[in-house]
There are 2 protein chains.
Amino acid sequence: MLSIKEIAKLADVCPATVSRVLRHPHLVSEEKRDRVNSIVKQTGYVPNNLAVNLRNTKTYKIMAIIPEVIRAYNNVIIRSMQDIAIEHGYSVLLGDTQSLQSREKAFADMARTREVDGIVLFCSRFPFDIDHTVDLATQLPPMVHACESTDMLGIPKVNIDNVAAAREGTEYLASLGHKLIGVVAGHSLTPSTESRLAGYRQAIDSANINYNPNLISTGNYDLNMAEEATQYLMSLRPRPTAIFAFSDEMAIGCLSALHKLKIKIPEEVSVLGFDGISYGPFLNPALSTVAQPLQQIGQACMQLLLPQLNGEPMQDCNRVLPHELVIRQSTAPAPVY
Amino acid sequence: MLSIKEIAKLADVCPATVSRVLRHPHLVSEEKRDRVNSIVKQTGYVPNNLAVNLRNTKTYKIMAIIPEVIRAYNNVIIRSMQDIAIEHGYSVLLGDTQSLQSREKAFADMARTREVDGIVLFCSRFPFDIDHTVDLATQLPPMVHACESTDMLGIPKVNIDNVAAAREGTEYLASLGHKLIGVVAGHSLTPSTESRLAGYRQAIDSANINYNPNLISTGNYDLNMAEEATQYLMSLRPRPTAIFAFSDEMAIGCLSALHKLKIKIPEEVSVLGFDGISYGPFLNPALSTVAQPLQQIGQACMQLLLPQLNGEPMQDCNRVLPHELVIRQSTAPAPVY
DNA sequence: CGGGATCCTGTAAGCGCTTGCATAATATTC
DNA sequence: GAATATTATGCAAGCGCTTACAGGATCCCG
């Protein structure tokens, strides 16, 4: 592989001049500039960024650590983060952890090892092996904790109010006359799921509906699981008249199960999703959902990260963004028997 | 930020010893090993990988360059690539290009700048600014070209036989008695779309159906576009009795449009997708599709990349993997009037 | 025409790490 | 107990790059 030295030799200048041609061309005479540029072009020379970044202690890379990149939910978030990052000269690398802690750590460590300048974390666990007996909080790399954030060493957070969002979703269903509202929840251990369950409970209680834990089915964010959960809910007597799925993707599984059972949506059973993914309007029936402000989430992540990348200290803040109930065709008043 | 020198000083050894403790602990006496380890732990020292990688000219990172990470289609591919990579000590970074050439190049250049060891390219364009008058093919970084590969400087390729796949899909529809088969195609410029259109054409011709270009609608891989295209196709007289969507995601858009038009699937119109995404069975009706061997694609990419990462020269090969027609509920014999 | 400003270029240090080599200390062998 | 093998450690070079610094040309001005 070609190095700056060899280019320098070929162009009959010193390495410093080659570097200047590439980084600060105005400092170099036209003659040498042309000579160097033509050699660079001929040879296809590209500087070794490991060396450049080592020297400059800066990579202009941001790592986004995501449990399952593929979830439709991430789409707009990723896009908006990336657009802002690029505007500011950074690129975004995505790390798909498959919800495995080992991978979360591996990707997060790229910041401590200087391979990226900062990270945006969409997982709930703290991703570093740090001895908490020592005050190492100061050694945290630039980072933002999004969507699943708990209190964590003063790391800035981006969230929605999951409790309120789930409460409002549930209240909406209750206001349609539903008394038996099944829940298809996600990973039972994640903060967002916990909060949403709490919100559901609040709404149930204040609507004077009897809380029935049998109506709650936790699992993961998979379609399969949602389908099974729905079958189970539909086997109950009395049967729920509404299902609140804690993600739109799971809602698709609910719809699928209901179709197979020949249960009419929304006439017999209403389905409410969560997230606001772009598929929603295209489902049959179009999915009512508690929409997250996906674009704003991405933007907020960058707004909180960029100052840190510029050397400003971490601010312990929690940016809570507004959710929105989007009513389409999958929800309707509870059937009257 | 802590460097190896400071750790060395604190542990009262030389930097080389610290390095040895971290990389080849058996070379160091227990006494110093313990001393160094305890300092490392206390201080939370982590080696600067830019320096390590510069020194070792190796990063153990692979960049996967993907037009739109979010497409369900990528799910299994990414997962299988990543699993194999990790087995071999590599991690996979995902680059989402939003189909923008500038981003494809930016990510691909990370290999030439040594920030990653190799790349897997899921886009169709050549991602480097290389002067083709010079023989620079030899300077290509380790790479594999997947899913959208054309002949390109001897870069190993992973593909399915898109012509045959689309032909078989079309033949299947024709065998059900469909004579008017609409197509909702993807980006008109990508090799895969071109090949699939060619395969469609072959099947149409050999079934002695009159080829009608009006039935072909190209756009992108979006749901919206697919929905519009479907509306358009359904406005034609005589109306197509089948739609072949060149991705399952677009097929969702077709289903959605048909539902809105109250057209029965598959009684009045059959819908055939392409890809075999995991949503397929959960749609209403469950989607028939030409499935790609997604897991095998991911595996093949790694099988072709790993040898290159070990220094073996690029082999100009084209690994063509088998597709499979998966028949579910969205296709049926053409209606008889 | 001398002195200062301006422009250009090379020298060399250093970013943080790893490892070949040399040396020193210790163990092993006959 | 001398010769040899083994083990442990430090020294220093070098991975490829950037930039502060200094020195040599060139120019401008009175």
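Order of the sequence lines sets the chain letters (A, B, ...), proteins ahead of strands, with each chain counted from 1.
Residue contacts for B:Val18: at a heavy-atom cut-off of 4.0 Å it reaches no nucleic acid atom on any strand shown. Backbone-only contact: B:Asn56 has heavy atoms under 4.0 Å from sugar-phosphate atoms and none from a base.
Applying the side chain to side chain donor-acceptor pair (under 3.5 Å) criterion to B:Ser124, with sequence neighbours excluded, gives no partner residue. With sequence neighbours excluded, the residues that form a side-chain contact (heavy atoms from CB on, under 4.5 Å) with B:Glu312 are B:Pro307.
To the nearest angstrom, C1' of C:dC17 lies 13 Å from CD of B:Glu6. Atom CG of A:Leu27 and atom C1' of C:dC7 are 10 Å apart (whole Å). Between A:Arg55 atom CZ and C:dG14 atom P the separation is 11 Å, expressed in whole Å. Atom CG of A:Asn48 is separated from atom C1' of C:dC17 by 14 Å (rounded to the nearest Å). A:Leu22 has its CG atom 9 Å from the P atom of D:dC17, to the nearest Å. For the pair B:Lys58 NZ and C:dC17 P, the interatomic distance rounds to 21 Å; values are reported in whole Å. With rounding to whole Å, B:Leu54 atom CG is found 4 Å from D:dC15 atom C1'. The distance between atom NZ of B:Lys9 and atom P of C:dC17, rounded to the nearest whole Å, is 13 Å.
At a cut-off of 3.5 Å, with distance as the only test, a side-chain donor of A:Glu115 or A:Thr113 sits close to an acceptor on the other residue. Counting only N and O atoms by type, the side chains of A:Ser80 and A:Gln299 include no donor and acceptor under 3.5 Å apart.
The side chain of A:Lys5 contributes no N or O atom lying less than 4.0 Å from OP1 or OP2 of D:dC17. A:Tyr45 has a side-chain polar atom (N or O) that falls below the 4.0 Å cut-off from OP1 or OP2 of D:dC17. At the phosphate of C:dT19, OP1 or OP2 sits under 4.0 Å from a side-chain N or O atom of B:His24. Phosphate contact (OP1/OP2 of C:dT9, side-chain N/O of A:Ser29, threshold under 4.0 Å): present. Contact between the side-chain N/O atoms of B:Thr17 and the OP1/OP2 oxygens of D:dG10 is found at a separation under 4.0 Å. For the pair A:Ser19 and D:dT18, the criterion of a side-chain N or O lying under 4.0 Å from OP1 or OP2 is met.
Annotation: the span from A:Arg319 atom CZ to A:Ile297 atom CD1 amounts to 12.0 Å, rounded to 0.5 Å. Once rounded to the nearest 0.5 Å, the distance linking CD1 of B:Ile66 with CG of B:Leu94 reads 5.0 Å.
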Atom pairs under 3.5 Å: protein N/O with N/O of nucleotides 20-22 of chain C:
{"residue": "C:dG20", "atom": "O6", "partner": "B:Arg20", "partner atom": "NH2", "Å": "3.0"}

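At most 12 heavy atoms of other shown residues, nucleotides or ligands fall within 6.0 angstrom of atom NZ in A:Lys9.
Heavy-atom distances to DNA chain D give each of A:Leu50 and B:Cys14 a nearest nucleotide, and the one nearer the 5′ end belongs to B:Cys14.
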